[in-house]
Amino acid sequence: MLDQIHLLAAVTVLGVLEQAYFFLQVIYARRAFGISPPKISGPPEFERIFRAQVNSSEYFPIFLALLWQAGLFFHQGLAAALGLLYLYSRYCYFTGYKASSSERLAPIYIGAGVLWILVAASALGILHFFLGHYAGLNVLQLLTA
């Protein structure tokens, strides 16, 4: 069983480490700009770092759910590769947003595209499972016949 989920688990750990890095960046920015919690406003440089972290945190549960569904029901390797691409796009988003709000746009579009591909892979994998399990149809066998 572990050989069927090890790539997904590795990408998940990398994602958690990335989130921790983003959290630390907010802590460092709070110290640098003298902004104590619970304040969330300050100079634009701080607010961009804070928003980048919050936006990344908001999408993280969606990413994890899609990563695991696509990996379990469609293909672990493809899901893991897409997961790495998503994490890289999130890192580029964070560093871009940190520098300037306009530099976040290309990475956010790439990340959103990856999420949609994971949605499609998840849906196709789950549909294939339901058709095979409940209707006795093997779609792959029908396509190759």
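We're numbering straight along the sequence, starting at 1.
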Counting neighbours of [atom1] on [X] that are heavy atoms of other residues, nucleotides or ligands and sit closer than 6.0 Å, is the number greater than 12?
| X | atom1 | result |
| --- | --- | --- |
| Tyr59 | OH | no |
| Leu124 | CG | yes |
| Tyr88 | OH | no |
| Tyr28 | OH | no |
| Phe23 | CZ | yes |

### Reported CD1-to-OG1 distance for the pair Ile5 and Thr12, which is rounded to 0.5 angstrom
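It is 9.0 Å, given to the nearest 0.5 Å.
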### Task
To the nearest 0.5 angstrom, please state how far the OG atom of Ser101 sits from the CZ atom of Arg51.
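The OG atom of Ser101 sits 12.5 Å away from the CZ atom of Arg51.
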### Query
Looking only at atom types and distance, does a side-chain atom of Glu47 sit under 3.5 Å from a main-chain N or O of Gly42, one as donor and one as acceptor?
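Pair found, side chain donor or acceptor close to backbone of Gly42.
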### Task
Spell out, as yes or no, whether a donor-acceptor pair under 3.5 Å connects the side chain of Gln76 to the backbone of Gln4.
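Yes: the side chain of Gln76 pairs with the backbone of Gln4.
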### Query
Are Phe46 and Ile27 in one and the same hydrophobic cluster, where Ile, Leu, Val, Met, Phe, Trp and Tyr link if side-chain heavy atoms are under 4.5 Å apart?
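The answer is no; the residues belong to distinct hydrophobic clusters.
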### Query
So, for Ile49 and Ala29, which heavy atoms are closest and what is the spacing to 0.1 Å?
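Looking at all heavy atoms of both residues, the shortest contact is CD1-CB, 3.9 Å.
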### Polar contact flag, side-chain donor to acceptor under 3.5 angstrom, Tyr93-Asn55
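Yes, a side-chain donor-acceptor pair sits under 3.5 Å.
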### Stepwise side chain to side chain donor-acceptor pair (under 3.5 Å) check, Gln19 with Ser57
CA-CA 7 Å; Gln19 289 296 308; Ser57 295; 3.3 Å; yes
